Number of protein chains: 2
Amino acid sequence: MLPTLRPVTRAGEATNEGSSESTPSVAPSPLARQSDASAGEPARRVSDATVSRLPVYLQGLVSLAGEGAASVSSESLADLSAVNPATLRRDLAGIGITGTRGVGYDVKYLVHEISVVLGLNQEWPVIIVGVGNLGRALANYEGLATQGFPVQALVDIDSSIVGSAVAGVVVEHFDDISAVVAREAISVGVIATPAAAAQEAAQHLIDAGLASLLNFTPVPVVVPDHVQVRGVDLATELQILSFYQQRSTAAARGTGLPLGTP
Amino acid sequence: MLPTLRPVTRAGEATNEGSSESTPSVAPSPLARQSDASAGEPARRVSDATVSRLPVYLQGLVSLAGEGAASVSSESLADLSAVNPATLRRDLAGIGITGTRGVGYDVKYLVHEISVVLGLNQEWPVIIVGVGNLGRALANYEGLATQGFPVQALVDIDSSIVGSAVAGVVVEHFDDISAVVAREAISVGVIATPAAAAQEAAQHLIDAGLASLLNFTPVPVVVPDHVQVRGVDLATELQILSFYQQRSTAAARGTGLPLGTP
DNA sequence: GCGTGTGAACTCATTCACAGCC
DNA sequence: GGCTGTGAATGAGTTCACACGC
């Protein structure tokens with residue numbers, strides 16, 4: 001289940017802002033077993049849209065499995081996942097999963113295959129940059145570790161914090177990011193800094209060799225193509241909701257602007 | 001070091017910069033004026049994709065305004081927002097915002113217009129369903145109120161919690177949702193319950209008349225067409241990152257080359 | 001019969017490229 | 001000259017509809 005993380009590359013250098021293009025040498029990951037089906041196939045191109053729905057399917061499937069369901073139809077699972085059944089079938093076909101005509105999909109098989117495709121059969125150690133309120137909350141959130149994303153490093157620029165322990169992890173200095181990432185075989189970088197520092201944090205994480213970032217600030221960070229960033233920002237979400245809320249209330253007011261008239 | 005979101009200039013709050021624009025003061029009743037200045041036009045259909053980018057633009061603009069910039073080119077703002085310049089221009093044109101050829105867009109005007117379009121010139125009171133760890137953290141997060149989303153109600157099913165105060169708000173019983181929503185003129189419902197209760201919470205919020213939900217659980221909630229739901233789930237985001245992480249490490253191993261190949 | 005797998009049509013979004021205006 | 005505004009091309013994703021296998 002969990003491959004051991006062994007310090008491989010011991011990078012002692014503290015990138016002092018000077019090293020421009022640094023060594024992307026970090027190859028932290030424990031082995032990633034590709035979808036076990038047939039090995040020799042060319043890499044399937046799974047679309048981003050599909051990938052973003054897989055966790056949703058998985059959620060529903062786990063719930064179904066808990067109820068003892070042995071198989072599901074695309075329609076049932078689609079309902080649970082709030083998507084169109086055809087989309088669900090396309091997605092599954094796209095990752096090489098096949099069902100049985102007239103019957104449906106095998107729940108256990110689906111759970112396993114999706115887990116493998118998502119890479120959930122291994123651990124992805126996480127570093128959190130910025131140990132403020134949010135950073136601390138995340139570090140203390142057990143959900144991370146239980147889902148396979150153990151928080152194994154914390155860094156901050158504030159030297160009055162460095163050295164203290166949060167959730168059993170000692171806070172290290174931001175400047176030592178590269179060394180820390182290498183030492184702990186980190187795979188995912190979480191940006192929990194003030195917004196103004198987000199880009200710099202991202203840059204250092206990338207320089208340290210990371211290719212997966214989770215950004216909690218409201219500012220988008222600019223990254224090279226090979227790096228994936230996901231943003232999670234409360235204010236952004238609320239502002240989007242605000243738009244639709246305003247639109248619907250405006251419509252409800254009935255200001256001569258008919259709303260749902262197709 | 002919480003994710004400091006600076007007080008987004010609520011329309012009406014004068015950010016004392018140039019006095020060029022006539023910042024209309026907050027009207028007694030904050031009417032939701034549709035984007036477009038010339039009344040009578042049929043409601044523009046702003047695409048979902050555009051709406052989701054507006055908060056990002058706004059973020060960059062507020063930052064630019066803070067630096068004293070008077071105008072921006074689509075290219076500059078697009079860089080800040082990590083989008084294509086043409087997309088930015090299309091988005092702005094779509095909400096009726098026009099720039100000046102050869103010059104760019106007026107920063108203050110843009111900030112104001114986008115704020116109005118998003119509905120940020122008024123407050124949207126929030127109810128939080130589920131006063132556990134997450135619910136409490138959200139209730140205590142000042143960012144919500146300063147961004148125009150004051151938490152004015154908390155409900156839970158656990159009667160041992162009901163009656164206590166969190167962040168100055170008394171927790172009421174889940175069964176009284178409808179009354180609470182009406183009394184406090186709530187606009188946005190936040191689901192911070194355990195995953196298993198998400199759908200029921202959503203249903204009650206919708207029954208109470210809400211059309212904007214923010215779901216912090218990993219399970220998608222099924223809602224009628226007129227209701228907008230945004231999901232914010234850490235596990236989902238991490239699982240998506242996990243996929244790309246796995247893919248990139250697999251690719252790196254396959255080629256034996258570092259990711260960037262010239 | 002039932003439900004998957006997929007051709008085909010359709011809708012929507014992104015991006016180029018350039019004409020038009022300052 | 002610089003930068004906006006937008007037709008047109010490209011591409012991605014969704015959904016219908018139905019043939020095929022159980």
Side-chain angles (χ1 to χ4, degrees), chain A residues 37 41 44-54 56-57 60-61 64 69-110 113-114 220 222 225 240 243-244 262, chain B residues 20 35-38 41 44-54 56-57 60-61 64 69-107 109-110 113-114 220 222 225 240 243-244:
Chain A
E41 274 183 35
R44 305 174 196 281
R45 240 324 176 263
V46 184
S47 83
D48 291 349
T50 295
V51 174
S52 71
R53 282 186 294 263
L54 292 181
V56 179
Y57 301 153
L61 286 164
L64 284 171
S71 72
V72 222
S73 68
S74 63
E75 190 176 357
S76 312
L77 185 52
D79 282 351
L80 275 182
S81 310
V83 301
N84 183 291
T87 298
L88 172 54
R89 294 197 295 272
R90 271 250 139 78
D91 284 339
L92 294 182
I95 60 175
I97 292 179
T98 175
T100 308
R101 299 184 191 214
V103 179
Y105 297 88
D106 184 84
V107 173
K108 285 199 62 176
Y109 175 65
L110 230 53
E113 282 304 305
I114 294 181
V222 181
D225 280 351
I240 294 171
F243 172 87
Y244 291 108
Chain B
S20 56
S35 64
D36 143 70
S38 55
E41 250 180 57
R44 303 175 194 283
R45 241 327 177 256
V46 184
S47 83
D48 291 350
T50 294
V51 173
S52 71
R53 281 186 296 262
L54 292 181
V56 179
Y57 301 153
L61 287 164
L64 284 171
S71 71
V72 223
S73 68
S74 63
E75 190 177 356
S76 311
L77 185 52
D79 283 350
L80 275 182
S81 310
V83 302
N84 182 291
T87 298
L88 171 54
R89 294 198 294 273
R90 268 253 140 76
D91 284 340
L92 294 182
I95 60 176
I97 290 179
T98 175
T100 308
R101 298 181 194 222
V103 179
Y105 298 87
D106 184 85
V107 173
Y109 174 66
L110 230 54
E113 283 302 307
I114 294 181
V222 181
D225 281 349
I240 293 171
F243 172 87
Y244 291 108

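Please read these numbers as outputs of a predicted model, since none were measured by experiment. Each chain gets a letter, A, B and so on, in the order the sequences are listed, and its residues count up from 1.
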Exercise. Does the base of dT14(C) carry an N or O that pairs as donor and acceptor with the side chain of Arg90(B) under 3.5 Å?
Worked result: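 By the distance-only test, no, there is no pair.
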
Problem set entry | Heavy-atom pair with the smallest gap, counting every atom of Val72(A) and Ser76(A) |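 Heavy atoms only, the tightest pair is CG1-CB, 3.9 Å.
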
Exercise. Where do Arg89(B) and Ser74(B) come nearest, in terms of heavy atoms and distance?
Worked result: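 Here Arg89(B) and Ser74(B) meet closest at NH1-OG, 2.9 Å.
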
Quick one: does [X]'s side chain get under 4.5 Å of [Y]'s, heavy atoms only?
| X | Y | result |
| --- | --- | --- |
| Tyr57(B) | Leu54(B) | yes |
| Val46(A) | Tyr244(B) | no |
| Ile97(B) | Leu110(B) | yes |

For this session: Check every strand shown and say whether Ser47(B) touches a base, only sugar-phosphate, or nothing at a heavy-atom separation below 4.0 Å.
Result: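 The answer is sugar-phosphate, as Ser47(B) gets under 4.0 Å only of primed atoms, P, OP1 or OP2.
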
Exercise. When all nucleic acid strands are considered with a 4.0 Å heavy-atom cut-off, which category describes Thr50(A): base, sugar-phosphate, or nothing?
Worked result: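 Touches nothing.
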
Problem set entry | Where chain B begins and ends its contact with DNA chain D, read 5' to 3' at 4.0 Å from heavy atoms |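 Counting from the 5' end, contacts occupy dG2(D) to dA8(D).
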
For this session: Tell me which of Ala86(A) and Gly102(A) sits closer to the 5' end of DNA chain C, going by the nucleotide each one is nearest to.
Result: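 On the 5' side of the pair lies Gly102(A).
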
For this session: Measure from the side-chain heavy atoms of Ala93(A) and tell me the nearest of dT4(C), dT14(C), dT6(C).
Result: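 From the listed options, dT6(C) comes nearest.
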
Exercise. Nearest to the side chain of Asn84(B) - dT15(C), dT4(C), dC22(C)?
Worked result: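 In terms of side-chain proximity for Asn84(B), the closest of dT15(C), dT4(C), dC22(C) is dT15(C).
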
Exercise. Can you check whether Ser74(A) has a side-chain N or O nearer than 4.0 Å to OP1 or OP2 of dT4(C)?
Worked result: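 So the side chain of Ser74(A) is within the cut-off, an N or O lying under 4.0 Å from OP1 or OP2 of dT4(C).
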
Exercise. According to a strict under-4.0 Å criterion, is Thr87(B) in side-chain N/O contact with OP1 or OP2 of dT14(C)?
Worked result: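 Negative; the distance criterion is not met.
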
Rounded to whole angstrom units, what separation is found between the [atom1] atom of [X] and the [atom2] atom of [N]?
| X | N | atom1 | atom2 | value |
| --- | --- | --- | --- | --- |
| Asp79(A) | dG3(C) | CG | P | 12 Å |
| Ile97(A) | dG5(C) | CD1 | P | 10 Å |
| Leu88(A) | dG3(C) | CG | P | 14 Å |
| Leu92(A) | dT4(C) | CG | P | 9 Å |
| Asp106(A) | dG3(C) | CG | P | 16 Å |
| Arg89(B) | dT14(C) | CZ | C1' | 13 Å |

Problem set entry | Spacing of Leu88(B) atom CG and Leu77(B) atom CG [to the nearest 0.5 Å] |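 Result: 5.0 Å between the selected atoms.
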
For this session: Could you go through the side chain to side chain contact (heavy atoms under 4.5 Å, CB included) check for Val222(A) and Asp79(B) one step at a time?
Result: CA-CA 8 Å; Val222(A) 181; Asp79(B) 283 350; over 6 Å; no

